[in-house]
Participant: 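What follows is a structure written as structure tokens; I'll ask about it next.
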Amino acid sequence: MDIVISIASKIAESLVTPIGREFGYLIYYDTNMKDLKDELKQLFEMKDGVQELVNAAKRNGEVINSDVQSWLTSVNKLIQKVSHFEEEVSMKRRCLYRWNISRKATKITQDVRHLQKERTFNNNVAHPAPPPMIWSTFKEGFKDFKSRMTCVNSVIEVLKNEEVRMIGICGMGGVGKTTMVKEIIKRLAGLKVFDNVVMAVVSQSPSIRKIQSEIADELGFTYDREDSETGRARRLYGRLKQINKILIVLDDVWTELDFEAIGLPYGPHKGCKVLLTSRNLEVCNAMGSQEIFTIPVLTPEESWELFREMVGEPLDYPDLAKQVTNECGGLPIAIITVAKALENKRKHEWVDALKQLQSSAPESIPSMNDRVYSNIRWSYDRLESDEAKSCLLLCSLFPEDYDIPIEYLVRYGWGRGYFSNIDSVDEARNRVHSLVDKLQRRFLLLDSERKDHTKMHDIVRDVAISIASRDPHRFLIRNDAKKKGWPEKYDHCTTISLIPINIYEIPVGLECPKLELLHLEDEHYSLNSMENDMCEGMKKLKVLGMGGISALPSSLGVLKSLRTLSLNGCRYLTDISDVIGRLENLEILSFRNCSRILELPREIGLLKHLRLLDITDCYNLEKIPHGLLSSLSSLEELYMENSFRKWERSAAESEDKRMASLVEVMSLSNHLKVLVIDIPNFNFFPKYFYLTIQTTIRFHISNQLGFSTTPSTIHGCYAFENKLDIVKSDATEFMEIQIVRLLFKKCEDLLLGEIKNLKHVLNELDQEGLRHLKVLTIRNCPEIEYLVNGASWIQQTAFPLIQSIELIGMPKLKAICHDQLPQSSFINLRSLVLSECPVLKYAFSLSVASNLVQLQSLLVSLCHQMKEIVSKEWREDETAFVGFPKLTNLTLWGISNEFVGFYEANKLYSNHEVTTPKDQNVVGTSYDVHQSSRSFERAVFPSKCILWLQNLEEVELYNANVDVLFDLKGHMVPAFSHLRKLEILLESPCQHLWKNIPCGFQGFQNLRYLKIEDCRDLEELNIAECRKMETIVRSADENEKEDQTGMTLFPKLNSFDLNGLRSLESLCPDASTSLWSAAKVMSVQRCDKLKTLVSVIPQIKKLEKDSTAHHEDEDEGISSGSCGCTPYSCGPMTEPTSRRNVVQILPRPVNQEVAPTNLDQDSNDYDNLERLSVLSCESLEVVFQLKGPKAVESHNVQAFNKLCYLSLNYLPSLMHVWETGGSQHITGFGNLTFLGVSDCGSLRYLFLSTVAKLLVSLKDLKVGNCEKIEQVIAKADTECADQEITFPQLNSMRLENLPNLICFSTEAYTLKLPSLMELTVERCPDLRTFASKVVNTHPRIQVHTWLGKSEWMGDLNSTIGNIHEKRETQRSAEHVDEEDEFSSEEYNEEQVDEEVNTDSTE
């Protein structure tokens, strides 16, 4: 009973308390509502105070603390709750509701008090914002031109190399160095190579405090105000050391920086790298850059694209625009500046701008002076010496894009007296070459393709002319003088250059009292009436160059100050005797290429100050009087190549008939420093004439007739090395001549041709080892057996400095070296050519090869008994051989059946190892089982020597007969990772190009060009006429299936051609998409069994590598392998072994994870195809198959975003260019600008509406000879027809010979073609209207037919309709004419019949 009472009391207590509380809500309604009101007021005051602090912090750019943000968010949510509560209170006034409202008020009050307590922060509601990521502040502006992307990718790759700590990017001002660096920083941010990237602009006058501040700002820390530069450096150093991996970018560096003074931990901190930009290559070298990249100017195509983008489309004056673009010389800053200045301008402003650019004075073009010219003028002002500045200004004398001979700068600079502390012309030449190198490193001058020449960028030339035309220089430069005429004011000029000259514009009685240099040049001119007094008004003239003049002015003799007279190229000049002798101070006289001069006048002997005489290429010069040369007591340099050859060998009968002799020339040796002569025979030298040639003398002495085969003075090359050419001579005779033996010892470049009685070159020519020789060329010497016979060689070294050897046409050459030589022999050899050496069996012995650590290029051709390149002799140890670490270029041409490989190892390849097409990982197999009768396979690159050749970049193999190209057995490390070009032409079937590829092998990562012909197997990838090839790369069979995720082949292949592969069904297995994934240009021709070209599926989640994911893929008919390829199958794939039926060409990687591991790029970088051409593939049905599996239909199909050119021709089975499979999620093709389709007889439409919307960049559309095409745009199943389709950039369209074409689109699309300016419609008889709805075109559109331009009827539909009506009318008229003609013929026949019948009756 007590238990019952206890339980009852507990129940009563538990009921009374809640009942009381519930009644309390009703009783204390007013109190609860007042409490809520009071607490809310207090909370709102708190919130307003916090919000004010937050707003102030935001104004200061600070970041709000997370607890403050969370509290404000909670308050705002409560305010919304209170707002809803107030609405409820206003609606529910009855007693029953009062209880509920009071209860809610109580709970809300509790929430308010809780929030009040959570407000634990004081006034500290925010903290300073971290600095924004550096790349986030960069403007868009980088254009991914090929010339730029090559450099960007290379820099990023080098930055990933932990061994490289400092990189330099160089280029002329305005070429885009800063823009490129910013793009590199943005890409690095995506790759997460560095923890932090900071950038500071250094500029011409570097401020240490400014650099420190810029770096600190980007790292988000500040210095104390009282910190000195040293203190700031210590703080910065400590902060940078805390960052594990950091890249410091120093932009616009002009001088070497002191990293320690700035506080950069470069050196001690291994994770710190520096990337700098500079206009000065010397600065990059001085600062220790391990890699330096030079940015070139834009190509003409890139320049035009940039200009069009900057000026905007459409271009109203395209021809003018192209000329303006060309004048900018590919310099981005000039292109952008000029384009912006001409945007939306009228024609006369375009014409005026072009005129200014052509005249090298575009000051009135807005911003041209401030942005472009000042940029280059800064570089000029920073040149340290007046000599360098004068040298640069001299270069402006020559026309645009001119190959400037450096020798002109030498001779003109000498004449003007530009050089200080110079005692000879040769010293001046060295100085000028040094200055040119410096100016090229500063990017004020450019390299020329011609040796000893330089070039000047057009914009730099404009700036140089602008500087030179002002005080104190006062140059007058006219490179279109025939058009411009003579200026009004010229008496103040110190330098005048007129090319080509208009002689009739030069005033009579010319007065130029300050003129020191006059340069006149044309093909052929005469001074006519000015001959007598032309030089009277320029008596201070020091340099006179007259190229092309036919007669010298008689007043020339008054020029007593003249030091340099250049008459080069005066082909019509014959007489020079009258005035030359009066030029008493003349030091340089040049008649180069004056081919009509027959005799040197004796008056030249009067020129006692003459230092240089140049009569190069005066090939008709027959007489040099005896004693003339020996009288030139100051002569330092004598140039007579391809000139006088009638040297006196013995005294003539009379003094008048005597000619100059070699003894006379040799008598000048005390002061002669440069000698270039041709002689009939070396026997013209006296046999026992003793001569001590100065150590400083340079010579080129030759007895070969005609022009030199190497760059020489004929080609303007005056900075040559000691060269000796001996041809058609007997070694026993010329070796008896003391001077010849001395020349051999000094010789640096030696040519021997058709030499008799010479077997061992070095042993017989110079027992000291030809210690100075760098270049050796031997041709057609019938008796030479060795370059050096080691058995009789007693000296320490042989050819210690030799860099290049060419041995051509050597019928008895047995080896380069017989027996062993000292280790230092051939140690500097860089290039070797062996050609037409029929008995040569190997190039090097192992011992000689071990010395060739500098060898870079090797060419072996037509050596029909060559067995191997490197041969092991006697007891040579191959284990110590390290290979050819610098060999980059290898060419083997005409290798015969005797050739067994680069090196024949001890263990030969056994017969049982000959493989069949079933071998795993065979690359490029023809599937024809090749049975060899030999006991071993001949591999060009056997496994043994793969590691010897790791730096090969180009390999060319022509007319070879081998079994295997690369045997990769046992090579797990990346092989041939530097190889860029592989070109192969085989004489007979090759079993394997790549054999024994190990699982996980990586190699050929940089191969960009692959061409293989005539192997019935594997043509850039260029594969041609391999009629039995079914696949390019074979994978393992199912029972040999292993993990091949590491196999990577040719991920950087740029160009990819398939031609005449009649049996080709697929390109490669699933595991090697990188074979072509980076290709930019692809061409497919005559591949008759190919049914689809490209299969692409959407990007999906990371491929699972477990068995479940694999089976799911197989269920969907996809064999994903390890690279994410999705082949388009001809039929269902019931089992993995059916992969041989797969027909695929360009599968695309599905995701980044399965991309090649050696490429650190995002997945879009694999989609590089820019140009695709497909021709004559009889079975091809689909080009782009964009259908994905059902599991991923909701994802976007993204493909071919870089494709800009698509050409499809002669594809009789083509049904779809794009097959979407009903997918609604398609993106890509946004850069396609040209689309051409012709002779595709099965095609009924060009693209679906879903694809048409992607072609936003299409500019040129051509469709022809497709008899079944009914419309260009067809309706997609998933879309409604009533919509808008726009081709915003389509400029030109051609529709030709489309007999069934009814309409551009039969659906009710609103078609917009705002840029369409040219439409050509020919032989489309059923085309009555262009589109069913409104068609918007460019207002100046022109419509053409085969009859010419058509009348515009106000809109495109009406115009097309009018064309159709006219065509029908014409057709009807032609039909009536045909009927009339037929009736007339019928009538005439009836008349004939009647006459015949009448005659018969009679």
Participant: When you measure from the side chain of Asn722 to the backbone N and O of Lys746, does any donor-acceptor pair fall under 3.5 Å?
Facilitator: yes

Participant: Closer than 3.5 angstrom, by distance alone: can the side chain of Glu783 be matched with the main-chain N or O of Asn757 as a donor-acceptor pair?
Facilitator: yes

Participant: Mind checking the CG-CG spacing from Leu773 to Leu750? Nearest 0.5 Å is all I need.
Facilitator: 5.5 Å

Participant: Tell me whether Glu407 contacts the main-chain N or O of Asp452 through its side chain, where contact means a donor paired with an acceptor under 3.5 Å.
Facilitator: no

Participant: Before giving the answer on side chain to side chain contact (heavy atoms under 4.5 Å, CB included), spell out for Met810 and Cys781 the whole-Å C-alpha distance, their side-chain angles and the decisive distance to 0.1 Å.
Facilitator: CA-CA 6 Å; Met810 312 285 282; Cys781 293; 4.3 Å; yes

Participant: Considering non-hydrogen atoms only, spot the tightest contact between Cys618 and Phe591 and give its length.
Facilitator: SG-O, 3.1 Å

Participant: Would you say NZ of Lys728 has more than 12 non-hydrogen atoms from neighbouring residues, nucleotides or ligands within 6.0 angstrom?
Facilitator: no

Participant: So, Lys451 side chain and Ser448 main chain: donor-acceptor pair closer than 3.5 Å or not?
Facilitator: no

Participant: Salt bridge or not for Lys673 and Glu636, using N-O below 4.0 Å?
Facilitator: no

Participant: With the side chain counted from C-beta on, respond yes when Ser825 and Val848 share a heavy-atom pair under 4.5 Å apart, and no when they do not.
Facilitator: no

Participant: Please determine whether a side-chain nitrogen of the Lys or Arg among Glu603 and Arg582 lies less than 4.0 Å from a carboxylate oxygen of the Asp or Glu.
Facilitator: no

Participant: Quick test of your reading of the model: are Asp766 and Lys745 salt-bridged, counting only N-O distances below 4.0 Å?
Facilitator: yes

Participant: Using 30° and 60° as the class limits, which term best fits the ring planes of Phe734 and Phe682: parallel, tilted or perpendicular?
Facilitator: tilted

Participant: Step by step, work out the side-chain hydrogen bond (donor to acceptor under 3.5 Å, both in side chains) result for Asn568 and Asn593.
Facilitator: CA-CA 6 Å; Asn568 296 342; Asn593 194 21; over 6 Å; no

Participant: For Phe884 and Phe844, take the angle between the two ring planes, folded into 0 to 90°, and tell me which bin it lands in: parallel under 30, tilted 30 to 60, perpendicular over 60.
Facilitator: tilted

Participant: Test side chain to side chain contact (heavy atoms under 4.5 Å, CB included) on Leu765 and Leu758; report intermediate values, then the result.
Facilitator: CA-CA 9 Å; Leu765 296 186; Leu758 182 63; 4.2 Å; yes

Participant: Mind checking the CD-CD1 spacing from Gln704 to Ile726? Nearest 0.5 Å is all I need.
Facilitator: 11.0 Å

Participant: Less than 4.5 Å apart, any side-chain heavy atom of Ile677 and any of Phe699?
Facilitator: no

Participant: Is there a donor-acceptor pair under 3.5 Å between the side chain of Thr888 and the backbone N or O of Gln856?
Facilitator: yes

Participant: Are Tyr408 and Phe398 close enough, and set up right, to give a ring-ring contact (aromatic ring centres under 6.0 Å, His included), and what steps lead you there?
Facilitator: CA-CA 10 Å; Tyr408 269 84; Phe398 300 90; 5.8 Å; yes

Participant: A side-chain contact here means heavy atoms from C-beta on lying under 4.5 Å apart; do Leu556 and Leu565 qualify?
Facilitator: yes

Participant: Distance check, rounded to the nearest 0.5 Å: Leu613 atom CG versus Ile615 atom CD1?
Facilitator: 5.5 Å

Participant: Please examine the side chains of Ile816 and Leu832, heavy atoms only from C-beta on, and report whether any two atoms are closer than 4.5 Å.
Facilitator: yes

Participant: Please report the shortest heavy-atom distance between Leu552 and Val579, naming the atom on each side.
Facilitator: CD1-CG2, 4.1 Å

Participant: Find the distance between NZ (Lys542) and CG (Leu517) and round it off to the nearest 0.5 Å.
Facilitator: 10.5 Å

Participant: Please test His700 against Asp725 for side-chain hydrogen bond (donor to acceptor under 3.5 Å, both in side chains), starting from the C-alpha separation and ending with a verdict.
Facilitator: CA-CA 8 Å; His700 179 187; Asp725 301 339; 3.1 Å; yes

Participant: Which distance, rounded to the nearest 0.5 Å, do you find between the CD1 of Ile778 and the CD of Glu806?
Facilitator: 10.5 Å

Participant: Using atom types as modelled and distance alone, determine if a side-chain donor or acceptor of Glu622 lies under 3.5 Å from a backbone N or O of Lys646.
Facilitator: no

Participant: Flag the pair Glu637 and Arg698 as a salt bridge only when some basic side-chain nitrogen lies within less than 4.0 angstrom of an acidic carboxylate oxygen.
Facilitator: no

Participant: Between Ser861 and Ser835, is there a side-chain donor-acceptor contact under 3.5 Å, judged purely by atom types and distance?
Facilitator: yes

Participant: Set out, in order, the CA-CA distance, both residues' side-chain angles and the distance that settles side chain to side chain contact (heavy atoms under 4.5 Å, CB included) for Gln440 and Asp447, then state yes or no.
Facilitator: CA-CA 7 Å; Gln440 288 179 347; Asp447 282 327; 3.0 Å; yes

Participant: Less than 3.5 Å apart, any donor N or O on the side chain of Asp426 or Ser424 sitting next to an acceptor on the other?
Facilitator: no

Participant: Is the closest side-chain heavy-atom distance between Glu664 and His626 below 4.5 Å?
Facilitator: yes

Participant: Are Arg411 and Asp614 close enough that some pair of their side-chain heavy atoms sits under 4.5 Å apart?
Facilitator: yes

Participant: Give the minimum heavy-atom separation between Leu752 and Val761, together with the two atoms involved.
Facilitator: CD1-CG1, 4.4 Å

Participant: Testing the basics here: between Leu541 and Leu559, what is the closest heavy-atom pair and its distance to 0.1 Å?
Facilitator: CD2-CD1, 3.9 Å

Participant: Do Phe799 and Leu829 come within less than 4.5 Å of each other through their side chains, counting heavy atoms only?
Facilitator: no

Participant: Please report the interatomic distance CD(Glu584) to OG(Ser561), rounded to the nearest 0.5 Å.
Facilitator: 9.5 Å

Participant: Within the distance-only criterion (no hydrogens, no angle test), does the side chain of Arg571 pair as donor or acceptor with the backbone N or O of Cys594 below 3.5 angstrom?
Facilitator: no

Participant: Give a yes or no on this: more than 12 heavy atoms of other residues, nucleotides or ligands lie within 6.0 Å of atom NE2 of His772.
Facilitator: no

Participant: Are the side chain of Trp647 and the backbone N or O of Met659 linked by a donor-acceptor pair below 3.5 Å?
Facilitator: no

Participant: So Lys774 and Gln803, side-chain hydrogen bond (donor to acceptor under 3.5 Å, both in side chains) or not? Walk me through it.
Facilitator: CA-CA 5 Å; Lys774 297 178 182 178; Gln803 296 179 9; over 6 Å; no

Participant: Determine yes or no for a side-chain-to-main-chain donor-acceptor pair under 3.5 angstrom, with Arg563 supplying the side chain and Trp414 the backbone.
Facilitator: yes

Participant: Under 3.5 Å, is there a donor-acceptor pair linking the side chains of Asp617 and Asn642?
Facilitator: yes

Participant: Are Ser631 and Lys608 side-chain neighbours, meaning at least one heavy-atom pair lies under 4.5 Å?
Facilitator: yes

Participant: Looking at Phe720 and Cys717, what are the two nearest heavy atoms and their distance?
Facilitator: CD2-O, 3.7 Å

Participant: Does the ring center of Tyr718 lie less than 6.0 Å from the ring center of Tyr639?
Facilitator: yes

Participant: Could you check Met640 against Ile679 for side chain to side chain contact (heavy atoms under 4.5 Å, CB included), going step by step and ending with a plain yes or no?
Facilitator: CA-CA 10 Å; Met640 300 177 65; Ile679 57 177; over 6 Å; no

Participant: Backbone N or O of His760 within a donor-acceptor pair of the Asn789 side chain at under 3.5 Å?
Facilitator: no

Participant: Among Ile701, Val775, Asp749, Val676, which residue meets the side-chain contact (heavy atoms from CB on, under 4.5 Å) test with Lys723?
Facilitator: Asp749

Participant: How far apart are the closest heavy atoms of Leu807 and Leu787, and which atoms are they?
Facilitator: CD2-CD2, 3.9 Å

